[in-house]
Every structure is written in C-alpha cells, then in structure tokens.
Amino acid sequence: MFSRTFASNVGNKQQNIRSISTSMQTKFYEGQSVERYMDGAASGRTEELSLLLKGGVNIDMKNEKGWTALMFAARNGQIPTIKLLMENGCDVNLMNATGQTAVDIATFWNHKEAADLITKQLKDSRVEDNKQFVNYFGHSTLDRAAEKRKNTKWLKNTMENENTTFICFHGNSALVVPNTDTSLPKSVKFCLYHVQYSNIAKHLNTDPLVIFLGHEYNNEEKAWFAVDISSISKSVYTSWDKDLELLAAYPGGMMLRKEDASLLAQARALFAWHERYQFCATCGSPTVVEECGYKRRCQDKECKSQKGVHNTSYPRVDPVVIMLVESQDGKSCLLGRQKRFPHGMWSCLAGFVEPGETIEDACRREVFEESGIKVGYVEYHSCQPWPNPSQLMIGCLGRATSSKIQVSSILQTIVKQVDYEELEDAQWFSRETILQMLARQHKEKLFVPPEQAIAHTLIKHWVKMTNANL
Ligand SMILES: NC(=O)C1=CN([C@@H]2O[C@H](COP(=O)(O)OP(=O)(O)OC[C@H]3O[C@@H](n4cnc5c(N)ncnc54)[C@H](O)[C@@H]3O)[C@@H](O)[C@H]2O)C=CC1
Ligand SMILES: [Mg+2]
Ligand SMILES: [Mg+2]
Ligand SMILES: [Mg+2]
Ligand SMILES: [Zn+2]
C-alpha cells in the first residue's frame, strides 16, 4: 500500500554499475583485461587501476569464481587499493561464488586493517544505498568498542592519553561553549566543551562517574569519554573558560552540531540511568558501576541479579512509537496537540511500546487511544534516540481505516478522574496546510516541530511522498 514510501526510503538501492560505451572500453571485457584488472588489485598497482577506472571499467566486475577487484585487494591487504576502489564507489556488499564478502576474505587472511576499513564503508554504504534517513541525535561517528569496557588497563591509559576527549555533564546538563563557527547551520548555538582529563582531574571527586563513549573508527587512540562534574561549582568550571555554561540536555540538546547531539544523547541517557538506578531493582541493595558506565552490579553477592544476565543491571532504552497517520484517501494526515506544547504546535501522535507488543500494534493502540482513529497498515520509516532521557523513537507511517476523531477515546473516563489528558486535540490536516505549517506561513501561526525532531522528518516525508513541491 505504501509502495511510494518505500521508493523514497528503502527501495532505491543504487545500482552503481558503470557502463562502458566506447569500443576501446568494450575491449576491456575481454578475458585478458579482466585478468589485468584483477591482478592490478591483488598486487596493489593503484596507478594502473586508477586509469582503468577512469576509462570506465565496471568496478564491480567478477571473475569466473565471483571474485571482485575489492576481494583480491582484501585478500592481500592492499590498503591504498582498497581505498581507491571504495572512493570510486565499488559495492562492498558483494559475495563471491562461495558466499564470502571482501570483509570475510580480509578477516580470513588476517588483514585486520583492511577488514576494518571495508567494514566501516559497509556501514556507511548501507545508510547511503538504502537512502535511510538518519535523524538528529543519531549521527554518531564513534565505534562504541564494547569489548574495551572491561579492559581496565586500556581504559586507564586511554583516559590519560592526550588524544582522548572528555565531555562534561552536570546533572541533566552538558558543559558547552557558544558556537562561533559561522559555517554551521544557524540552529547550532553551542558546542560541547572538549577537555583532557588531566586538565580537570584535580577538581573532580576521587572516583567520578566516567562513561566510555567509544573511539573513532579504526583509531583506538582517539577515544571519547563523558565525566560527571556535578561536584564542581560554577566558579571552578568558568575558571577553565569564562564562556562555559550548562545546557539542559532537553531541549538544549537541539542547539548542537549533529555529531555533538549524538554524543549528548548517548551520555545523557547513561547519566540519567545512573542517577535513577543507584539501588538494585531486585533486592534494594546499593549497586556499583562496572564496564565503564554500562553496567550496575548489586553489592549483595546472594542477590538473584548476580546469577545470569539481568536487564536490571544494564542501561535503559525505552521504545516509543511515533507515527504519521495518513487518511483513507491519502489526502490528509493526523496530528495532535499535547497541553504542554507551545501555542500553535501540532505533532505526530506517539506513545510508549508496551511489553509483549509489536511496533505495529503499539502504533494502532496509541493512535486509537489518543484519537479514536483506527489504523491498518503500518510501516517503519526511521528512528531517533531521544535524550529525554532515554527513549528510542520508532518512526512509522500508518494508514487510517476510519476517519472520525474522538480525542482520548479510551482514556476519557479515567482522564476525568485523574485530570490528565493525553491530547488536548487531534485533527486531520491537508497537505496544503501542512506545507504552510512547515514553511511557518500558516495564517493562524500553526506549525510543526523543528527539524531536529523525528516528528518533523515524518511529516516532511509524507509531504514529499504525496508529491508536493518541497
Ligand atoms: N522526537 C519527537 O519528535 C517526539 C518525542 N516524543 C517523546 O515520546 C515520549 C512518549 O510519548 P507520549 O505521548 O508521552 O507517550 P504515551 O502516549 O504512551 O503517554 C505517556 C504516558 O505513558 C505512561 N508510560 C508508559 N511507559 C512509560 C515509560 N517507560 N516512561 C514514562 N511514561 C510511561 C505514563 O503514564 C505517561 O504519562 C515522550 O517522552 C516524548 O518526549 C513525543 C512526541 C514527539
Ligand atoms: Mg498515549
Ligand atoms: Mg502519546
Ligand atoms: Mg501510552
Ligand atoms: Zn540485588
């Protein structure tokens, strides 16, 4: 039903095949030339390969065993050749006749650097190929390197390393400096303050909460940590830099560069978890931090949580569905208003996923509870870590099977008693009205959430999907 959505979301895989048009280039398909191309890759003759690629060779051509040039380069750990092929857009996902990818081959032959390099591209290309939308707060550039979290020696050395960067948190807020880089979008008002541990260590508690965020891909030397500085007063941190200030993670986190925002989303969720889960959920004993911020272990050795793996010991992520619901005729979409929203703002309906519930059913239930609208087909669009404090917003598109809105239909009786309403109002909006709201040109000053919110992404996607001129 939503095939047009898929066309603009996940179905548009680029075929990255280069056609060869001239007769000279066509000759290249002859056996000898294939061999020359493959041999060039295996031997690392980058200049020759570069010329062949400029001549229009099919970069992903395969030999009779299904091997590509990238696979040959991976077989011999030819780093510059691998880089050249990837820069020229080779397909890193291809498999040979026995089902091995270039990463498998590099790994098998012990070329770790080559395997890591191709793996990184693989991740990037998945995003690129699928045209998958990455929302604000989701642009992490770090390898979380979970295996390092237990390696105390590596952690200690790395924390002290001058290439390592610390970001600082004080309760719910991050330490920031005003942005002075005018090349960044206007919405970027602040930058996370970056500091080395040695510069702040003397001001910290004896054992501050430190969280390992990860290191840059293929570079263990460039590691990132977050540290709790709540024991430090304003006069102390402003002595490091007079422009320093504390920025509340939400909504302040919307005013950062996208890379900073993802670091904030990761750190903020973990700090909030540590603050709220000081005691064991199973027996009530105090807990201690392990795995550089990624685990809390009960101090009672007899506690059930010590036996086996228990999710009470690990950081929380709360799944929330958020959905753009399209009317039966496809001409309008359903938006709602919560009381706490700024005047004039309308957004997608959203709600926490409940235990034992599918994403699709959660969308249908929340929409029905909040608006009385029934939803049939549901599909996934994209997601967003939401640091308020640790939701994972699962963005979906849904098709309504009814049209009569009854706000908080199911909750209405309870709502009266507890004086709380999920939504103050819900309405259908035409595409034309949505366009005015997106452009902030609506005559009654109605608008939708800012582009940092996944609600904005979904609304804009629906407008594009319905062929509006955006
Ligand atoms: N990024 C975005 O564009 C948007 C993000 N959101 C976020 O989604 C979240 C959920 O949306 P709502 O409409 O409020 O959900 P909702 O419709 O499920 O109602 C919230 C109520 O659900 C209950 N609840 C169930 N599980 C909960 C949990 N794990 N944590 C807290 N409360 C829980 C509480 O009674 C709460 O008052 C909100 O925290 C909001 O910050 C909401 C809309 C847009
Ligand atoms: Mg709800
Ligand atoms: Mg809701
Ligand atoms: Mg709910
Ligand atoms: Zn316990």
Fill in: Expected output: side-chain Q384 to main-chain I454 donor-acceptor under 3.5 Å
yes
Worksheet item: Under a 4.5 Å cut-off applied to non-hydrogen side-chain atoms, are M255 and L247 in contact?
Response: yes
Response to the item:
Shortest non-hydrogen pair, I373 vs V367, comes out as O-CG1, 3.6 Å
Discussion item. Would you say CD of E162 has more than 12 non-hydrogen atoms from neighbouring residues, nucleotides or ligands within 6.0 angstrom?
Written reply: no
Worksheet item: Say you draw a straight line from CD1 of I167 to SG of C191; how long is it, rounded to the nearest 0.5 Å?
Response: 12.5 Å
Fill in: Interatomic distance, D425 atom CG to L335 atom CG [nearest 0.5 angstrom]
11.0 Å
Worksheet item: Within a strict 4.5 Å, meaning less than it, do heavy atoms of the C298 and C283 side chains meet?
Response: yes
Worksheet item: Would you find more than 12 non-hydrogen atoms of other residues, nucleotides or ligands less than 6.0 Å from E432 atom CD?
Response: no
Item to complete: Could you note down all residue pairs passing ring-ring contact (aromatic ring centres under 6.0 Å, His included) where residues 222-267 supplies at least one of them, sequence neighbours left out?
Response: F166-F225, H194-W224, H203-W240, F212-F225, Y250-W386
Practice prompt. Run the salt-bridge test on E424 and K339 with the 4.0 Å N-O cut-off and return the result as yes or no.
Written response: no
Fill in: Any side-chain heavy-atom pair of R399 and V375 under 4.5 Å
no
Item to complete: May I ask you to test the K148-E220 pair for a side-chain heavy-atom distance under 4.5 Å?
Response: yes
Practice prompt. Flag this pair as yes if the NZ/CZ of R296 is under 6.0 angstrom from the six-membered ring centre of Y277 and inside a 45 degree cone about the axis; otherwise no.
Written response: no
Worksheet item: What is the minimum heavy-atom distance between L246 and S173, and which atoms define it?
Response: CB-CB, 3.9 Å
Fill in: Check: H274 main-chain N/O paired with Q278 side-chain donor or acceptor under 3.5 Å
yes
Item to complete: Calculate, to the nearest 0.5 Å, the distance between atoms CG and CG belonging to L192 and L263 respectively.
Response: 6.0 Å
Worksheet item: Does the pair K222 and T165 meet the rule for a side-chain contact (heavy atoms from CB on, under 4.5 Å), with working shown?
Response: CA-CA 8 Å; K222 292 226 159 134; T165 310; over 6 Å; no
Worksheet item: Would you say the side-chain atoms of T101 pair up with the backbone N or O of M95, donor to acceptor, closer than 3.5 Å?
Response: no
Fill in: T164 side, atom OG1; E221 side, atom CD - distance, nearest 0.5 Å
7.5 Å
Worksheet item: Is atom CD of Q328 surrounded by more than 12 heavy atoms (other residues, nucleotides or ligands) closer than 6.0 Å?
Response: yes
Fill in: Gap between atom CG of L458 and atom SG of C333 - 0.5 Å precision
10.0 Å
Practice prompt. Kindly determine whether L209 and F169 satisfy side-chain contact (heavy atoms from CB on, under 4.5 Å), including the steps that lead there.
Written response: CA-CA 10 Å; L209 177 55; F169 275 74; over 6 Å; no
Fill in: salt_bridge(D116, K120) N-O dist < 4.0 Å
no
Worksheet item: Hey, does M86 have a side-chain heavy atom less than 4.5 Å from the side chain of L117?
Response: yes
Discussion item. Taking the side chain as everything from C-beta on, heavy atoms only, tell me whether T68 gets closer than 4.5 Å to C90.
Written reply: no
Item to complete: Taking all heavy atoms of P178 and all of E245, pick out the closest pair and write down the distance.
Response: CG-OE2, 4.2 Å
Practice prompt. Start with the C-alpha distance between N179 and D181, add both sets of side-chain angles, then the distance that settles side-chain hydrogen bond (donor to acceptor under 3.5 Å, both in side chains), and finish with yes or no.
Written response: CA-CA 6 Å; N179 174 46; D181 183 347; 6.0 Å; no
Worksheet item: Is there any salt bridge (Lys or Arg N to Asp or Glu O under 4.0 Å) pair reaching into residues 341-358, and which pairs are they, with sequence neighbours excluded?
Response: E354-R365, E357-R365
Item to complete: Scan residues 425-452 for pairs that pass ring-ring contact (aromatic ring centres under 6.0 Å, His included), counting only residues two or more places apart or in two chains.
Response: W346-F429
Worksheet item: Is there a donor-acceptor pair under 3.5 Å between the side chain of S402 and the backbone N or O of K374?
Response: yes
Worksheet item: Between H456 and P449, which heavy-atom pair has the shortest distance, and what is it?
Response: ND1-O, 2.7 Å
Discussion item. Using a 3.5 Å distance criterion without hydrogens, assess whether the side chain of N135 forms a donor-acceptor pair with backbone atoms of C383.
Written reply: yes
Worksheet item: Which atom pair, heavy atoms only, marks the closest approach of S347 to F341?
Response: CB-CE2, 3.6 Å
Worksheet item: Heavy-atom distance under 4.5 Å between the side chains of Q452 and F137, does that happen here?
Response: no
Discussion item. Is it the case that the side chain of E370 and the backbone of L349 share a donor-acceptor pair, with hydrogens and angles ignored and the cut-off at 3.5 Å?
Written reply: no
Fill in: H310 side-chain N/O to K304 backbone N/O, donor-acceptor pair under 3.5 Å
yes
Worksheet item: Do Y197 and L204 have side chains that get closer than 4.5 Å, going by heavy atoms?
Response: yes
Practice prompt. Give the minimum heavy-atom separation between A74 and A102, together with the two atoms involved.
Written response: CB-O, 3.5 Å
Worksheet item: Say you draw a straight line from CZ of R276 to CZ of F271; how long is it, rounded to the nearest 0.5 Å?
Response: 14.0 Å
Item to complete: State whether the side chain of Q427 and the backbone N or O of I405 hold a donor-acceptor pair below 3.5 Å, judged by distance alone.
Response: no
Worksheet item: Is a side-chain donor or acceptor of R431 paired with a backbone partner of T466 at a separation under 3.5 angstrom?
Response: yes
Item to complete: Please report the C-alpha distance between Y294 and R144 in whole Å, then the side-chain angles of each, then the deciding distance to 0.1 Å, and finally whether the side-chain contact (heavy atoms from CB on, under 4.5 Å) criterion is met.
Response: CA-CA 11 Å; Y294 278 80; R144 293 185 178 220; 4.0 Å; yes
Fill in: Donor-acceptor pair, side chain of K189 and main chain of K186, under 3.5 angstrom
yes
Practice prompt. Kindly indicate, with the supporting measurements, whether the criterion side-chain contact (heavy atoms from CB on, under 4.5 Å) is fulfilled by M71 and L94.
Written response: CA-CA 9 Å; M71 292 176 195; L94 295 176; 4.2 Å; yes
